[in-house]
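Worksheet: the structure to be examined is printed underneath.
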Amino acid sequence: MKRFFGFVKKEFQHIFRDVRTLVILFGLPVVMIILFGYVVTNEIKDVDVGIWDKSRDQVSTEAIQKILSSGYFVLAETIDHEEEIESLFKSGKAKVVVVFEDSFEKRLLRENRAAIKLITDASDANSAMLVQTYLQGVLANYFKSVNQAGTIPWEVEIKSRMFYNEEMTGVYMFVPGLMALILMLISALMTSVTITREKEFGTMELLLASPLRPREIILGKVTPYVLLSFINAMTIILLGFLVFDVPVVGSLWLLMLECMLYITLALSLGVLISTVSKTQQMAMVFSMLGLMLPTILLSGFIFPIDNMPGILQWFSTIMPARWFIVVVKNIMLKGTGFAFIWKETLILLGMTLLFILAAVKRFNIRLE
Amino acid sequence: MTVASEHIIEVKDMVKKFGSFVANDRLTFHVYRGEIFGFLGANGAGKTTAIRILCGLSYPTSGEIRVAGHDVYHEREKIKRKIGYMSQKFSLYEDLTVSENIRLYAGIYRLNRKQINQREEQLLERLGLLPIKNRLIRDIPLGWKQKLAFSVAIFHKPDIVFLDEPTGGVDPITRRQFWEMIHDATQEGITVFVTTHYMDEAEYCDRVSIMVDGRIEALDKPAVLKKKFDSKDMNEVFLKLARN
């Protein structure tokens, strides 16, 4: 055991003495999350808006004025048919359509209530959510100001509807997705590179000729990365919460356990990659092309799986990140317990065992 | 020096095939305890393949092989505890200091703290590395790296040390000093098994074997070989063998 810790200590020394490793390890997650967070979810400006005013009275006209003079929205077209909404979205002329119901002012004066419908093109879920929030804000301000004299407050019911993506998958998606990506990248890339480095420098031969057993060598090399990856996972969750208000609704413990499982999976993939690559460059290319790109493209992180062609959908089922994202989304955003994610967990567990077995087998073959 | 008659390495009909390629063709030889055994041959003659098998890094295809009294098929762990190994690349960790490298390997061989402190002090002093013991390996000259790598390989006082082309890329003076270190090691009872393709170095060995295309073509004391092949030095012996 002492021998093992000596070996782990050496691995930490490698990490903490290499500036590049440190930057990737600790800089990358922070930069990525901030970058993604702001690029994906920051302010909106000059959003094209379609208007369907069925009422055409003074209040609705003024409300429209308010929207268009707010600085966030630009009039794309005024329409007067249901079908035109769809064609506005399809042609990309508008991102959102505001519909005032007929006799809007009359209803307000007579019944104190009227309805506005906000229909958003939610194929870009993040901006759709923002657009809605902004519109609601503008309208709420306006109605408050015109009705200051009124004794009974007006009830303007603002109904929102999302086209193309009713469940709004994707709003907070970037945090689970980034977690899947960064953990995969750091765990798999870093371990495969550090193991191939020993091969390249010839130190692996020495270790193998020493009384250290192969599994001790691998475990010793991987242990520091387990710890550091776990710290990274927690950093991402914390940053998501502090900077972007992404909550952890469900159990933090469960989330941590699932993170550990995914980290183990990624590390065993890293070991597997190291057994098939001779140089650090090769390991890097394998990790980048074989893990990072598919993780970004096929896991549902950026592109919804439902919109993929059949063969890619099938392919996405063998991406570990796909299942991990589902798990994280469920725990973080929906607050579901283990009962709802045991299937995904089982898949991840199965994949982990498979990769470990394959890595051990390959490692032994290399010794022959 | 007097050579004990005990066989510390015993190899009989060792064969190693990679597919249809025969890298080691029925090698049979033994090494006496305490001697310097030179394992010579051109590049690609099969030296490294053989040394890897003896160190437990690779399995032979067939043959009977015992190293330090243990069978290479079933007792590799026991063998590994009794041997030291130094590869062609003087494999030390470039981003660790001199002292950290020594202590890492000492720890791997399970030396206790007292042994480590004592031997490290001795070693650094002997090599004159005390002033730079906290310097990173990447910042010290190649010659020092090589000496340090050798010292690390015998730090745990193994029965046998395997040196795989230990003098590659090193200047003649350093090479000479290095061979003095090898000689000193045998005084401590360590058997040295060394591969090289510098034929002048063969003169320093007690006995040498010369490998050509996977087979051992000659094995004896350098003086006997020179006489047998009617040559003035080992280089000539080697060329005569390799041409046939």
Side-chain angles (χ1 to χ4, degrees), chain A residues 1-25 190 193-221 223-225 275 278-280 361-368, chain B residues 16-18 48-49 51-61 67 76-97 100-113 116 136-138 149 152-153 155-156 158 160-165 168:
Chain A
M1 224 38 201
K2 217 172 100 190
R3 178 169 83 178
F4 180 73
F5 282 123
F7 193 71
V8 171
K9 184 180 145 205
K10 157 229 164 221
E11 203 53 38
F12 271 113
Q13 285 167 331
H14 288 321
I15 295 169
F16 286 109
R17 278 174 199 179
D18 185 27
V19 179
R20 277 181 309 174
T21 308
L22 279 180
V23 167
I24 295 179
L25 214 49
M190 300 294 244
V193 167
T194 169
I195 295 175
T196 41
R197 189 170 74 158
E198 300 244 7
K199 277 203 238 172
E200 234 179 303
F201 289 163
T203 43
M204 186 57 94
E205 294 268 282
L206 241 68
L207 295 176
L208 288 172
S210 82
L212 278 176
R213 283 157 198 274
R215 63 164 179 272
E216 285 180 289
I217 298 173
I218 295 297
L219 268 180
K221 291 209 68 76
T223 305
Y225 290 96
T275 61
K278 283 207 170 72
T279 61
Q280 295 180 70
K361 198 144 192 246
R362 288 276 333 171
F363 201 79
N364 284 338
I365 287 172
R366 222 183 62 77
L367 289 178
E368 292 310 293
Chain B
K16 177 70 179 185
K17 290 182 188 165
F18 296 103
T48 300
T49 306
I51 213 171
R52 286 175 56 88
I53 292 172
L54 297 179
C55 291
L57 289 174
S58 159
Y59 280 116
T61 308
V67 176
R76 297 210 300 198
E77 301 311 321
K78 283 182 188 156
I79 293 174
K80 285 178 181 179
R81 256 175 262 148
K82 291 187 178 177
I83 62 167
Y85 176 66
M86 173 179 169
S87 78
Q88 305 169 17
K89 298 176 188 161
F90 321 149
S91 327
L92 298 163
Y93 290 99
E94 297 272 315
D95 52 351
L96 299 187
T97 65
E100 282 163 353
N101 266 289
I102 295 172
R103 293 178 156 268
L104 171 67
Y105 283 109
I108 288 175
Y109 285 94
R110 292 224 166 104
L111 299 185
N112 62 42
R113 193 174 295 263
I116 296 177
L136 297 183
I137 291 294
R138 71 162 77 96
V152 165
F155 196 77
H156 58 290
I160 315 164
V161 63
F162 290 91
L163 310 173
D164 193 5
E165 297 186 6

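So you know, we letter chains A, B, ... as the sequences are listed, proteins then strands, and number each from 1. Computed over heavy atoms, backbone and side chain alike; hydrogens, waters and symmetry mates excluded.
Here A:Asp18 pairs with nothing under the salt bridge (Lys or Arg N to Asp or Glu O under 4.0 Å) rule; sequence neighbours left out. Residues that satisfy the ring-ring contact (aromatic ring centres under 6.0 Å, His included) test with B:Tyr105, not counting sequence neighbours, are absent from this structure.
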**Request:** Might you work through the salt bridge (Lys or Arg N to Asp or Glu O under 4.0 Å) test for B:Asp95 and A:Arg197, ending with a clear yes or no?
**Result:** CA-CA 12 Å; B:Asp95 52 351; A:Arg197 189 170 74 158; 3.5 Å; yes
**Prompt:** Between B:Leu96 and A:His14, is a side chain to side chain contact (heavy atoms under 4.5 Å, CB included) present by the stated rule, with each step listed?
**Reply:** CA-CA 7 Å; B:Leu96 299 187; A:His14 288 321; 4.2 Å; yes
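Here B:Glu100 pairs with A:Arg17 in a salt bridge; the nearest charged N to carboxylate O distance falls below 4.0 Å.
Residues B:Ser87 and A:Gly202 come closest through the heavy atom pair OG-O, 4.1 Å. Heavy-atom minimum distance, B:Tyr109 versus A:Pro211: CE2-CD, 3.2 Å.
Here the CD-CD distance, from B:Gln88 to A:Glu205, works out to 8.5 Å after rounding to the nearest 0.5 Å.
For a residue to count as touching a neighbouring chain, one of its non-hydrogen atoms must lie under 4.5 Å from one of that chain's; by this rule B:Leu92 touches chain A with the backbone only. For chain A, the nearby part of B:Leu104 is the side chain; its heavy atoms alone come within less than 4.5 Å. If you measure heavy-atom distances from B:Ile53 to chain A, you find no contacts under 4.5 Å at all. Proximity to chain B is absent for every atom of A:Glu216, based on heavy atoms less than 4.5 angstrom apart.
No donor-acceptor contact under 3.5 angstrom links the side chains of A:Gln13 and B:Tyr93, judged on distance only.
Of the possible polar contacts, none joining the B:Lys80 side chain to the A:Arg213 backbone as a donor-acceptor pair under 3.5 Å is found.
For A:Phe5, the CZ atom is loosely surrounded, since the number of other residues' heavy atoms within 6.0 Å does not exceed 12.
When B:Leu136, B:Asn101, B:Ile108 are compared by the number of non-hydrogen pairs under 4.5 Å with chain A, B:Ile108 comes out ahead.
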